[in-house]
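Here the structure comes first, spelled out in structure tokens, and everything after it is commentary.
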Amino acid sequence: MVAALLVVYLPGLLIIRFSWMRLPFVIGFAPAMTAGAYAGLALVYHLLRIPWTLFSAALGVAVIVLAAHTVGRLVRRDERMVRLHGTAPLDRPTWWILFAGSVVSSLVVLLPVRHYSPGAGELISSYDSLFHYNAVETIRAEGDAYPFTALSSLFDGTTTFYPVAFHQFASIIPGDAVAATNALVFTSLISTATATTSLLWVLMPRIVRRGQRALVIALAVPSLYLFFSMPVMTLLVGLWPNALAMSIFPAVLAAIVVATRRIVRGIVRPLGVSTRWGAVRLVALSVLPCLVVVGGALYIHPSVGFSIALFAFALSMAGSIALLHTHRWVGAAGLVLGVILFMLYDLGSMTYLRGMAQTTKIELPPISVLLTILADRPRLGAVPLKTLPVIPIYLLAGLGALWCLRRRRWEDLTLLLFAAVTFLVALGAMIPFLPISSLANPWYQARERILPMFTLSVLLLAVHGIAALLVLLRRRSRRQRGLVATLVAVMLLAPVIDAATGSQRLPRLAKVSLQRDGYLAGYVSAEEREFIASSAEQLEEDAVVLGVPSDGTPMYLALGGRRVIFPHAGYPSSDRQMLIATEGDLMLEDPEVCAAVRSYGEDVYVYDDLSPQRAEIIMTPLQRRVFDGLDDLDPSQLTEVARSADGMYRLYELDLPC
């Protein structure tokens, strides 16, 4: 876990620290900055044929830090740049308060997970986990982290784009592929707290004193884990690249706000630059760190672009509303253009992106739909719907919304519009009414991908509500202020304590996902894992394993370091794989089928899983039928080389007749 934190955070922290970048609470921005650096290194190393390893990554980061420091020394001499940044560094007490809040927030979710986790090297048996484990092992073995080629061997040599930043991170974390990947999964889960801390510090009204702002943020950030979409994506669904991207999404929003402020300052305030190009150059240089943060998140998972677009829409509409008071026609034109673009987006989602509507919906009464969204209840019957814990957050958010409406600043209006539009998109993931339902297509109609945006906006409004209370209480007596502060602290912390300790809250989620208490079936059991690892040691290094990918066959790659013909649970990736899957039992009769198998190597082995869970967990019946050709291989071709003690798992050597 410590190694994963260093891989994710340290490069970004060093780049920010030794450059001209002035960003508030830099810890929250560090993972995205690291991703931006790794993206550049992946491209350069691919072109130069330099293998991606921990050493090469460290060397590349050192070069980037040195270059950033050299530029930073020149930039910091320019007083105009300092004025343009407009961000005072955090003082030590404030920084430590924010850091303590992030740590406590992380423990809220990490302690239940740690309590129920069988161990760092235990397989997380979600649908996509076997693919991601194998992807990490592939990058380690081949040393290529370029998104267009890194995983081509997993798709039978087909060159295709796949967001590999998650696997790139995990591949240089010490330990075996499973332990390193799990460490990154848990790091993703807790990184939301640091990123959100940065966002709250950027957006919390400056009318509140610095120390009070820090304390409020530290008390509020743990409330993130009252909502369960992020833990569900991480522990149950296995959307690990998307979860990593969404964990730093708050820092992306913070970067967008900081960049917008700097652009506005560059337009409004005279910079003392003689030419327009000089002013543009200064503004561009000041927003470059923010662009790297945004680019890093997009590199981790491009789908974040849709989430960024929602915030950009809210930001542009808020700016247009603000312009109505000074430039009426410009503001009105901006609003009309925004509405037109939103309608075009919805039309595009209904048509061009309709194939992304891949999540089955369950019809619920309107009140259940509303409560499910507000409480962020996962699509998991084992975790009951509980709205009481989130009521205090929504009460404070309501107060914050009223205060934002009263202030009518573009930043406050942006929060309101972002909350409204993300709620509308989340509603689209819950109901079949087409004009609204189609809004959720870019997120595959999966509400766990959408609700982290909505719940983040609610937390932002709640912090504004606390700021409003602090302003209203300034002229009250110390006793009254103390009573209200105590009440707010209890409102914030009591539900969080319940979430961390309640048997039906985070502990229940962790137990269901990590201990396999009968609610979820494990993809690979402990006995099967042991057999795969031990039997793989008996095989030659160039051996290849054939078997149905819905059992443990793909894990011969991640657990045993041996190639497999079907390394993921999707459909066959090429014509020869499709031929083997559908007609593998005809090897004795059809030389073409036999030649297809032999093309993978001379030493081919067949894995057979006879356990009750075989082929019933991660494949639909239609997917499973594609591999019917592997069910009836001729026994005369098979020579047993390994068998588990209970006889459930067996490995055979395949005698190819061609």
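Here the structure is a predicted model, which is why all the values come from computation and not from measurement.
Here the closest non-hydrogen pair linking Thr53 and Ile172 is C-CG2, 3.5 Å. Considering all non-hydrogen atoms of both residues, Ala180 and Pro174 come closest at CB-O, 4.1 Å. Closest approach of Leu651 to Ser535, counting heavy atoms only: CD2-CB, 4.0 Å. The two residues Asp542 and Arg563 come nearest to each other via the heavy atoms O-NH2, 3.0 Å. Closest approach of Gln637 and Pro657 over heavy atoms only: NE2-CD, 3.7 Å. A pairwise comparison of heavy atoms in Leu13 and Ile27 identifies CD2-CA, 3.9 Å as the closest pair.
Of the inter-residue distances, the one linking Glu137 atom CD with Asp176 atom CG reads 9.0 Å to the nearest 0.5 angstrom. With rounding to the nearest 0.5 angstrom, the CG atom of Leu239 is 6.5 Å from the CD atom of Glu448. With values rounded to the nearest 0.5 angstrom, Thr359 atom OG1 is found 9.5 Å from Asn441 atom CG. Going from atom CZ of Phe306 over to atom NE2 of His301 covers 11.0 Å, rounded to the nearest 0.5 Å. In this structure, OG1 in Thr553 is found 7.5 Å from CG in Asp609, a value given to the nearest 0.5 Å. The CZ atom of Arg598 lies 11.0 Å from the CE atom of Met587; values are rounded to the nearest 0.5 Å.
Put simply, the side chain of Leu184 does not reach to within 4.5 Å of the side chain of Val136, judged on heavy atoms. Side chains of Val232 and Val237 form a contact here, defined as non-hydrogen atoms less than 4.5 Å apart. The shortest side-chain heavy-atom distance between Pro231 and Leu189 falls under the 4.5 Å cut-off. Annotation: side chain of Leu123 is not in contact with side chain of Ser129 (no heavy-atom distance under 4.5 Å). Put simply, the side chain of Leu226 reaches to within 4.5 Å of the side chain of Val496, judged on heavy atoms. Looking only at side-chain heavy atoms (C-beta outward), Asn242 and Trp443 stay at 4.5 Å or farther from each other. Leu509 places a side-chain heavy atom less than 4.5 Å from the side chain of Leu380. Between Leu111 and Leu506, every side-chain heavy-atom pair lies at or beyond the 4.5 Å cut-off.
Crowding of Leu48 atom CG: a count of heavy atoms from other residues, nucleotides or ligands under 6.0 Å exceeding 12. Enclosure of atom CG in Asp575 is not indicated, since only 12 or fewer non-hydrogen atoms of other residues, nucleotides or ligands lie within 6.0 angstrom. The number of heavy atoms from other shown groups lying within 6.0 Å of CD (Gln358) is above 12. Around the CD atom of Glu583, the shell of radius 6.0 Å holds more than 12 heavy atoms that belong to other residues, nucleotides or ligands.
Applying the disulfide bond (SG atoms under 2.5 Å apart) definition to pairs two or more places apart or across chains, none involves residues 137-169. Annotation: salt bridge (charged side-chain N to carboxylate O under 4.0 Å, His left out) contacts involving residues 38-53, sequence neighbours excluded, are absent. Listed by first and then second residue, the disulfide bond (SG atoms under 2.5 Å apart) pairs that reach into residues 628-658 are Cys594-Cys658, sequence neighbours excluded. Counting only residues at least two apart or on different chains, the side chain to side chain donor-acceptor pair (under 3.5 Å) pairs with a member in residues 139-148 are His46-Asp144, Glu142-Ser153, Asp144-Thr149. Note on residues 632-641: pairs passing salt bridge (charged side-chain N to carboxylate O under 4.0 Å, His left out), not counting sequence neighbours, are Glu640-Arg643. For residues 147-167, the set of pairs meeting the salt bridge (charged side-chain N to carboxylate O under 4.0 Å, His left out) definition, not counting sequence neighbours, comprises Asp156-Arg576.
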Full working for side-chain contact (heavy atoms from CB on, under 4.5 Å) between Phe228 and Val383
CA-CA 10 Å; Phe228 285 173; Val383 179; 3.7 Å; yes

Set out, in order, the CA-CA distance, both residues' side-chain angles and the distance that settles side-chain contact (heavy atoms from CB on, under 4.5 Å) for Arg447 and Ile373, then state yes or no.
CA-CA 8 Å; Arg447 64 176 186 259; Ile373 293 175; 5.8 Å; no

Go through the steps for Val597 and Val544 under the test side-chain contact (heavy atoms from CB on, under 4.5 Å), then give the verdict.
CA-CA 10 Å; Val597 177; Val544 61; over 6 Å; no

Step by step, work out the side-chain contact (heavy atoms from CB on, under 4.5 Å) result for Tyr649 and Arg529.
CA-CA 10 Å; Tyr649 313 110; Arg529 176 181 178 173; over 6 Å; no

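Applying the ring pair (Phe, Tyr, Trp, His ring centres under 6.0 Å) rule to Phe454 yields the partners Phe423; only residues at least two apart in sequence or on another chain are considered. Under the ring pair (Phe, Tyr, Trp, His ring centres under 6.0 Å) criterion, Phe566 pairs with Phe627, sequence neighbours left out. Tyr556 meets the ring pair (Phe, Tyr, Trp, His ring centres under 6.0 Å) test with Tyr607; sequence neighbours excluded. Every side chain to side chain contact (heavy atoms under 4.5 Å, CB included) that Pro507 has, sequence neighbours left out, goes to Pro112, Tyr116, Arg505. Residues passing the side chain to side chain contact (heavy atoms under 4.5 Å, CB included) test with Asp628, sequence neighbours excluded: Arg624, Arg625, Asp631.
The main-chain N or O of Lys386 is never found under 3.5 Å from a side-chain atom of Arg377 such that the two would form a donor-acceptor pair. Judged purely by atom type and a 3.5 angstrom limit, Thr181 has no side-chain atom pairing as donor or acceptor with the backbone of Tyr133. Between the side chain of Thr34 and the main chain of Val8, a donor-acceptor pair closer than 3.5 Å is present. No donor-acceptor distance shorter than 3.5 angstrom exists from the side chain of Arg449 to the backbone of Tyr444, with no hydrogens or angles considered. Formation of a donor-acceptor pair under 3.5 Å by the Thr196 side chain with backbone atoms of Ala193 is not found in this model. In this structure a side-chain-to-backbone donor-acceptor pair under 3.5 Å is present from Thr138 to Asn134.
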Let me have the donor-acceptor pairs involving side chains of residues 160-169, under 3.5 Å, with sequence neighbours excluded, atom names and distances please.
{"unit_1": "His167", "atom_1": "NE2", "unit_2": "His132", "atom_2": "ND1", "d": "2.9"}
{"unit_1": "Gln168", "atom_1": "OE1", "unit_2": "Tyr299", "atom_2": "OH", "d": "2.5"}
{"unit_1": "Gln168", "atom_1": "NE2", "unit_2": "Tyr38", "atom_2": "O", "d": "3.1"}

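Inspection of the Thr187 and Tyr9 side chains reveals no N or O donor paired with an N or O acceptor under 3.5 Å.
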